[in-house]
Amino acid sequence: MEKDSSFLFGGISFNRKKFARDFDRFKGKTPVDSSEKLQFIEKEHRTIDSSLENLEIPENEKSEMEDERNTSVVKKRKRKEKGTGSDSVEGFSVFKSSKLKKEAASEENDQSVNELLEGKKEYYRQLERDAIFRKEHNIHVSGSNIPSPLHSFAELRSRYKCRLYLLRNLAELGFKEPTPIQRQAIPVLLSGRECFACAPTGSGKTFAFVFPILVKLKHTSKDGVRAVILSPTKELSAQTTRECRKLAKGKKFYIRSMTKQLAKSKDFSKLRCDVLISTPLRLQFAIRKGKLDLSRVEFLVLDESDKLFEAGMLEQVDFVVKACSNPSILRSLFSATLPDIVENRARTIMHDAVRVIIGRKNSASETIKQKLIYVGSEEGKLLALRQSFAESLNPPVLLFVQNKERAKELYDELKLEDIRPDVIHSDLSQIQRENAVDNFRAGKTWVLIATDVVARGMDFKGVNCVINYDFPDSAAAYIHRIGRSGRAGRSGEAITLYTEADIPFLRNIANVITSSGGEVPEWIMSLTKKKWRKHRPQRETISTQPDI
Ligand SMILES: Nc1ncnc2c1ncn2[C@@H]1O[C@H](COP(=O)(O)OP(=O)(O)OP(=O)(O)O)[C@@H](O)[C@H]1O
């Protein structure tokens, strides 16, 4: 391989030093006499064998190449047997000169070496094609033996024998081609590899993990839970359950969300469940109290994994991970933000995982137009908001505040205005929260005031604008909040209001804006970057009523 072509292999870890002999072999040293030729051929076989073991050949290609090799060995054996037969013909073989025999053998061996070299060249060509394709789709990978990315959904049938019903359901959903994360993460999981995946908000991560589960489960079983998907919130669990059922339509799988009621079951032994979607807390509760057995779980997905690894949930996640004790379990982590600390922690529980990053790690979706607006003080926020709504209100709009108290206050301020507002936070009952989500989805409410409880994973189609009424408390929170708009390639808008108290943290958000192609005033970029500690300053009460 020439030096100048190696840029194509970005993300593929091929150790040139380790395989120096392989490179040398392609540099054109050809043996001359036949004994040297035979030694060369034997060496070829040995090196190619060991190379096949060490190189990053996708499993399917590896077995194809091995098939090819075996066929050539069988052919060779047959030819040899044929040759032995003629040797036994009396009066003929005895006159055959040993020189002729050697030449014939050498020709055969030359042919098989050529075949092997051609196989290996084809393998390199495939690597190069994969690298070009990944580059085109902004897919970055690391790990060994990484399967080729998908060019189309149809390939799922030819490469992984995916059932027709799944392809039909994809077509019914209107999905014409895989998104970048689906192109790479689906083959990784279907090849039986564990996976860390980081891709922008709204880029189709849900189907990237649900699809392989449904392909692999094939049919329903009475053997207990076979796949577990952990989500940080009940809303997201309910949404993932719905998406999973959509994809499984027409097939009798038991896909369940761990509701409060279900978690209280005394006995799970008779529960038919193929895929279980839950928050860590409810699952921990069910395992402890209801003796839910997860020892046969074959797939474990940690969705919004960085959130799941935060203090407060980590212990419950750890409990669930331990309960999924099947030694051949396949684990995967998905999020739009994957800090190094989470990756490092996760590596301790994963085996030979493939890392798939779409675009730049921890960055916002490029389809969202991001703006920063200075409002001076808390009072200025309400003024700016009312002015903006008066000028143009393009619903649906999501308004984020920093805690439930402020959500209630802002709702009280806006509830009588002609903007059809509603509110969602953790003090509401499950039914009230579900209604708030459903009404917003159905367009019955136009402005939803929310805490970070709906900042992650929620797929409200067509949210035109996200307003950070209160400055987010981390770059990750910012990325997830604004990611409720601009989903599945649509455009969106995100406005972040900031006061004097927020200025020290502006630079961190500005970095996210610039890395996703947005523009930020020079003075903000020259601020010193401050280490985030949850930025939730004490803010004045939201009210236009004068204090008495
Ligand atoms: N191949 C596809 N073609 C078109 N649309 C798709 C495709 N795959 C998924 N979608 C749609 O894209 C939207 C966003 O997908 P999804 O909710 O999985 O995003 P996500 O990457 O998980 O986002 P988040 O990080 O916010 O959780 C959904 O409405 C989904 O139906």
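In listed order, ligands and their atoms are each counted from 1. Keep in mind it's a predicted model, so treat the numbers as computed, not measured. Residues: numbered from 1 along the sequence shown.
The pair E243-K246 meets the salt-bridge criterion, with a side-chain N (NZ, NE, NH1 or NH2) lying under 4.0 Å from an Asp/Glu carboxylate O. Looking at K415 and D422, no side-chain N of the basic residue comes within less than 4.0 Å of a carboxylate O on the acidic one, giving no salt bridge. Of the charged side-chain nitrogens involved, at least one lies within less than 4.0 Å of a carboxylate oxygen, so that D427 and K408 count as a salt-bridged pair.
No cation-pi contact links K249 to Y165, judged by a cut-off of 6.0 Å to the six-membered ring centre and 45° from its axis.
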Close N/O pairs between ligand 1 and protein, under 3.5 Å:
from: ligand 1; atom 1: 1 (N); to: E177; atom 2: O; distance (Å): 3.0
from: ligand 1; atom 1: 1 (N); to: Q182; atom 2: OE1; distance (Å): 3.0
from: ligand 1; atom 1: 8 (N); to: Q182; atom 2: NE2; distance (Å): 2.9
from: ligand 1; atom 1: 17 (O); to: R487; atom 2: NH2; distance (Å): 3.0
from: ligand 1; atom 1: 18 (O); to: K205; atom 2: N; distance (Å): 3.3
from: ligand 1; atom 1: 18 (O); to: T206; atom 2: N; distance (Å): 3.0
from: ligand 1; atom 1: 18 (O); to: T206; atom 2: OG1; distance (Å): 2.7
from: ligand 1; atom 1: 19 (O); to: G204; atom 2: N; distance (Å): 3.3
from: ligand 1; atom 1: 19 (O); to: R487; atom 2: NH2; distance (Å): 3.3
from: ligand 1; atom 1: 21 (O); to: S203; atom 2: N; distance (Å): 3.0
from: ligand 1; atom 1: 21 (O); to: G204; atom 2: N; distance (Å): 3.2
from: ligand 1; atom 1: 21 (O); to: K205; atom 2: N; distance (Å): 3.1
from: ligand 1; atom 1: 21 (O); to: K205; atom 2: NZ; distance (Å): 2.9
from: ligand 1; atom 1: 22 (O); to: T206; atom 2: OG1; distance (Å): 3.4
from: ligand 1; atom 1: 23 (O); to: G202; atom 2: N; distance (Å): 2.8
from: ligand 1; atom 1: 23 (O); to: R487; atom 2: NH2; distance (Å): 3.0
from: ligand 1; atom 1: 25 (O); to: K205; atom 2: NZ; distance (Å): 2.7
from: ligand 1; atom 1: 26 (O); to: R484; atom 2: NH1; distance (Å): 2.9
from: ligand 1; atom 1: 26 (O); to: R484; atom 2: NH2; distance (Å): 2.9
from: ligand 1; atom 1: 26 (O); to: R487; atom 2: NH1; distance (Å): 2.8
from: ligand 1; atom 1: 26 (O); to: R487; atom 2: NH2; distance (Å): 3.2
from: ligand 1; atom 1: 27 (O); to: E304; atom 2: OE2; distance (Å): 3.2
from: ligand 1; atom 1: 29 (O); to: D459; atom 2: OD2; distance (Å): 2.6
from: ligand 1; atom 1: 29 (O); to: K461; atom 2: NZ; distance (Å): 3.4

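Between the side chain of S474 and the main chain of A477, a donor-acceptor pair closer than 3.5 Å is present. Judged by distance alone, the side chain of R256 and the main-chain N or O of L276 form no donor-acceptor pair under 3.5 Å.
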